[in-house]
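For the single chain, residues carry numbers from 1 onward in sequence order.
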Amino acid sequence: MTSQKTPSTKTEKTASKQKLRGIIDYQTITSVSGPLLLVEGVEGVKYEELVEIFLPSGERRRGRVLEVNQDKALIQVFEGSAGIGIGQTRVRFLGKGITLGVSEELLGRVFDGLGRPRDGSPPLIPEEFRDINGLPINPYARSYPNEFIQTGISCIDGLNTLVRGQKLPLFSGSGLPHNRMAAQIVRQARILGAEEEFAVVFGAMGITFEEAQFFIDDFRRTGALERAVLFLNLADDPAIERIATPRVVFTAAEYLAFTKDYHVLVILTDITNYCEALREISAARKEIPGRRGYPGYLYTDLATIYERSGRIKGSEGSITLIPILTMPEDDKTHPIPDLTGYITEGQIILSRTLHHKNVSPPVDVLPSLSRLKDKGIGAGKTREDHADLFNQLYAAYARGKEAAELAVILGEAALTDIDKQFMGFAESFERRYVSQDEYEDRTISETLDLGWELLIMLPRAEMKRVRDENLVKYYDKAAAKFKKSEEKHAS
């Protein structure tokens, strides 16, 4: 059955819709703008509905409905609109949104940004299909994060502790080793003293083929892939696909966490590429731009992603999130890190200065912060001296950096003896505590012991942030051990 419809435009166009096996195909495209198509004369179309687009050449592309206004539908094409001709291209609405088939067979697999296998293995047999547009967790249903997650990286575990259910972003810059740090976290992250299942859901947006291959090869070689699922959107994949990728990632994470009771760590890289894709769509829709051309709803859009992580009362599982973003021009006031900081509970900042000093990972401890660290440390979680040690290390490092800056201005000869000690401490702290090999997995006990080992470089009288019982138990013990080692070496 075929019917004709004349679009309300000055240029006369042929517009037909063909009913094929109960499905209507529309040939009423009236406008093509970037990755967007405007189709008129549609009936019963829903927001976020999936679309198939058939080109005259026989090529088939996919898209989704961005906006519906009476009999008009605005479609976002995943693969781009090149070659789509008005009056020659057929559009088919599929009556469903983007879904992901989920089962525990996800673990150990590698998919593209929309959840299609890219590891050469056959498609998995899903237990169910889930719409990727999930909802943020209701604040009333949330359970407070309070369990320590060990990453094996001292500057995180010791100073910016990651807590189960937390959102802790990694602020980096172009060329800094954030991807290697992410891979190290995937390999090493674990919940201490727990028998519960632990899994990692890793989502990459707009990364290069070399970066994708690095993650795949590294996870396979180290065995981390057995408890992980990867969703990789490459730089040459459709930019529009990047908007769906983090939602696909969280759909898989929610299934593992709240249906199968896994503790799930979600790592997303690079959020900046996601926001660039969002800006591209906003510009094509001719929306009024916000700061630096990003859409005014960027904060809300990011929140709909980030707030899907957390813990739910009555559920054994949880989702902990580490979103990674590269700050354009290393600018912390850029809209992406700025808005991310409002939504999340802290930030870990990588420093280009430390990177040039061969400190790896180049974490800048002083501006970094985990707002929930106090909830995940202490007796029964890490160790009773953790809070005192953290405060003393931070204060001593800050004073050492101030002394180093003063030495640059006035010369080292102008420093007091104690200032020189603090400056030496800061240098050792960066070299031994912050810097560690990317395959070095330090336990929390090793991290804490290393902190005390560094603090004995300073006089006991300067330990003003440590309680007396911890001074006796840990500082004095570390000092005695060092003295005994020196005497043995001298003999």
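- A salt bridge is absent between Asp388 and Lys473: the closest approach of a Lys/Arg side-chain nitrogen to an acidic carboxylate oxygen does not fall below 4.0 angstrom.
- Contact check on Arg311 versus Glu147 returns a salt bridge, with a Lys/Arg side-chain nitrogen under 4.0 Å from an Asp/Glu carboxylate oxygen.
- Under 4.0 Å is where a charged nitrogen must lie from a carboxylate oxygen, and between Arg279 and Glu276 at least one such pair does.
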Stepwise salt bridge (charged side-chain N to carboxylate O under 4.0 Å, His left out) check, Arg109 with Asp119
CA-CA 7 Å; Arg109 297 292 303 274; Asp119 54 7; 2.7 Å; yes

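- With hydrogens and angles ignored, the 3.5 Å screen pairs no side-chain donor or acceptor of Arg64 with any backbone N or O of Phe78.
- With a 6.0 Å radius and a threshold of 12 heavy atoms from other residues, nucleotides or ligands, Glu105 has its CD atom at or below the threshold.
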Hey, mind stepping through Tyr306 and Glu345 against side chain to side chain donor-acceptor pair (under 3.5 Å) and telling me if it holds?
CA-CA 11 Å; Tyr306 296 154; Glu345 294 105 17; over 6 Å; no

Give the intermediate values and the outcome of salt bridge (charged side-chain N to carboxylate O under 4.0 Å, His left out) for residues Asp449 and Lys477.
CA-CA 10 Å; Asp449 290 344; Lys477 183 179 178 181; over 6 Å; no

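- Between Pro246 and Met205, some side-chain heavy-atom pair lies under the 4.5 Å cut-off.
- Under the 4.5 Å side-chain criterion, counting only non-hydrogen atoms from C-beta, Phe111 is in contact with Leu124.
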Report the C-alpha separation of Thr326 and Asp270 in whole Å, then their side-chain angles, then the decisive distance to 0.1 Å, and conclude whether the side chain to side chain donor-acceptor pair (under 3.5 Å) test is met.
CA-CA 7 Å; Thr326 51; Asp270 177 348; 2.6 Å; yes

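- Taking the side chain as every heavy atom from C-beta outward, Met327 and Ile336 never approach each other to under 4.5 Å.
- Ring geometry, Phe219 versus Phe215: the interplanar angle falls from 30° to 60°, so the pair is classed tilted.
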Glu254 and Arg308: salt bridge (charged side-chain N to carboxylate O under 4.0 Å, His left out), yes or no, with the steps?
CA-CA 8 Å; Glu254 287 166 349; Arg308 290 173 72 172; 2.8 Å; yes

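- Using a distance-only test at 3.5 Å, with no hydrogens or angles considered, a donor-acceptor pair links the side chain of Thr151 to the main chain of Ile153.
- The pair Asp331-Arg291 does not count as a salt bridge, with every side-chain nitrogen at least 4.0 angstrom from each carboxylate oxygen.
- Side chains of Arg465 and Phe390 form no contact here, defined as non-hydrogen atoms less than 4.5 Å apart.
- The aromatic rings of His386 and Phe148 sit perpendicular, their planes meeting at an angle over 60°, well past the 30° parallel limit.
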Is there a side chain to side chain donor-acceptor pair (under 3.5 Å) between Ser318 and Arg164? Walk through the geometry before answering.
CA-CA 7 Å; Ser318 63; Arg164 185 162 74 92; 2.9 Å; yes

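- Of the possible donor and acceptor atoms, one in the side chain of Thr320 sits under 3.5 Å from a partner among the backbone N and O of Gly165.
- A donor and an acceptor atom, one from each side chain of Glu104 and Tyr255, are nowhere located under 3.5 Å apart.
- For CG of Leu410, the number of neighbouring non-hydrogen atoms (other residues, nucleotides, ligands) closer than 6.0 Å is greater than 12.
- Taking a 6.0 Å sphere around CD of Glu226, one finds it holds 12 or fewer heavy atoms contributed by other residues, nucleotides or ligands.
- With a 6.0 Å cutoff to the six-membered ring centre and a 45° limit on the axis angle, Arg190 does not count as a cation-pi contact of Phe198.
- With rounding to the nearest 0.5 Å, the separation of CD1 in Ile322 from CZ in Phe202 is 11.0 Å.
- Counting only distance, with no hydrogens or angles, the side chain of Asp112 and the backbone of Arg116 share a donor-acceptor pair below 3.5 Å.
- Checking Glu316 against Tyr262 by side-chain atom types alone, no donor-acceptor pair falls below 3.5 Å.
- Lys167 has its side chain within reach of Glu307: a pair of non-hydrogen atoms, C-beta onward, lies under 4.5 Å apart.
- In this structure, Asp157 contributes its side chain and Gly152 its backbone to a donor-acceptor pair below 3.5 Å.
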Go through the steps to decide whether Asp301 and Thr304 satisfy the test side chain to side chain donor-acceptor pair (under 3.5 Å), and finish with yes or no.
CA-CA 5 Å; Asp301 191 275; Thr304 61; 4.7 Å; no

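- A salt bridge does not link Asp385 to Arg467: none of the charged side-chain nitrogens sits closer than 4.0 Å to a carboxylate oxygen.
- With hydrogens and angles ignored, the 3.5 Å screen pairs no side-chain donor or acceptor of Lys401 with any backbone N or O of Leu366.
- Within a 6.0 Å sphere centred on NZ of Lys313, other residues, nucleotides and ligands contribute more than 12 heavy atoms.
- A salt bridge between Lys481 and Glu453 is absent, with no side-chain N of the basic residue lying under 4.0 Å from a carboxylate O of the acidic one.
- Remark: Arg460 engages Leu471, Val472, Tyr475, Asp476 in a side chain to side chain contact (heavy atoms under 4.5 Å, CB included) (not counting sequence neighbours).
- In the displayed structure, Arg383 atom CZ is contacted under 6.0 Å by more than 12 heavy atoms of other residues, nucleotides or ligands.
- In terms of the side chain to side chain contact (heavy atoms under 4.5 Å, CB included) criterion, residue partners of Tyr439 (sequence neighbours excluded) are, by chain and number, Arg187, Asp218, Arg221, Thr222, Asp437.
- At a threshold of 4.5 Å between non-hydrogen side-chain atoms, the residues Tyr297 and Glu287 count as touching.
- Residues Pro459 and Gln421 meet the side-chain proximity criterion, which asks for heavy atoms closer than 4.5 Å.
- The shortest side-chain heavy-atom distance between Leu389 and Val466 does not fall under the 4.5 Å cut-off.
- Under the 6.0 Å cut-off for aromatic ring centres, Phe171 and His334 do not qualify, their centroids lying 6.0 Å or more apart.
- Formation of a donor-acceptor pair under 3.5 Å by the Ser282 side chain with backbone atoms of Leu278 is not found in this model.
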Where do Arg352 and Asp330 land on the salt bridge (charged side-chain N to carboxylate O under 4.0 Å, His left out) test, with the steps shown first?
CA-CA 8 Å; Arg352 199 170 297 279; Asp330 296 352; 2.6 Å; yes

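- Side chain of Arg242 to main chain of Ala204: no donor-acceptor pair is present (N/O by atom type, distance under 3.5 Å, no hydrogens or angles).
- Annotation for Phe482: atom CZ does not count as buried by contact number, only 12 or fewer foreign heavy atoms lying within 6.0 Å.
- The CE atom of Met181 lies 10.0 Å from the CD1 atom of Ile267; values are rounded to the nearest 0.5 Å.
- When atom types are taken as modelled, the side chain of His355 and the backbone of Thr353 share no donor-acceptor pair closer than 3.5 angstrom.
- One distance of note links CD1 of Ile132 with CG of Leu100; it measures 8.5 Å at 0.5 Å rounding.
- Taking CG of Asp237 as the start and CG of Leu234 as the end, the distance is 4.5 Å to the nearest 0.5 Å.
- Applying the side chain to side chain donor-acceptor pair (under 3.5 Å) rule to pairs touching residues 362-377 yields Gln166-Ser370, sequence neighbours excluded.
- Using a distance-only test at 3.5 Å, with no hydrogens or angles considered, no donor-acceptor pair links the side chain of Glu427 to the main chain of Gly424.
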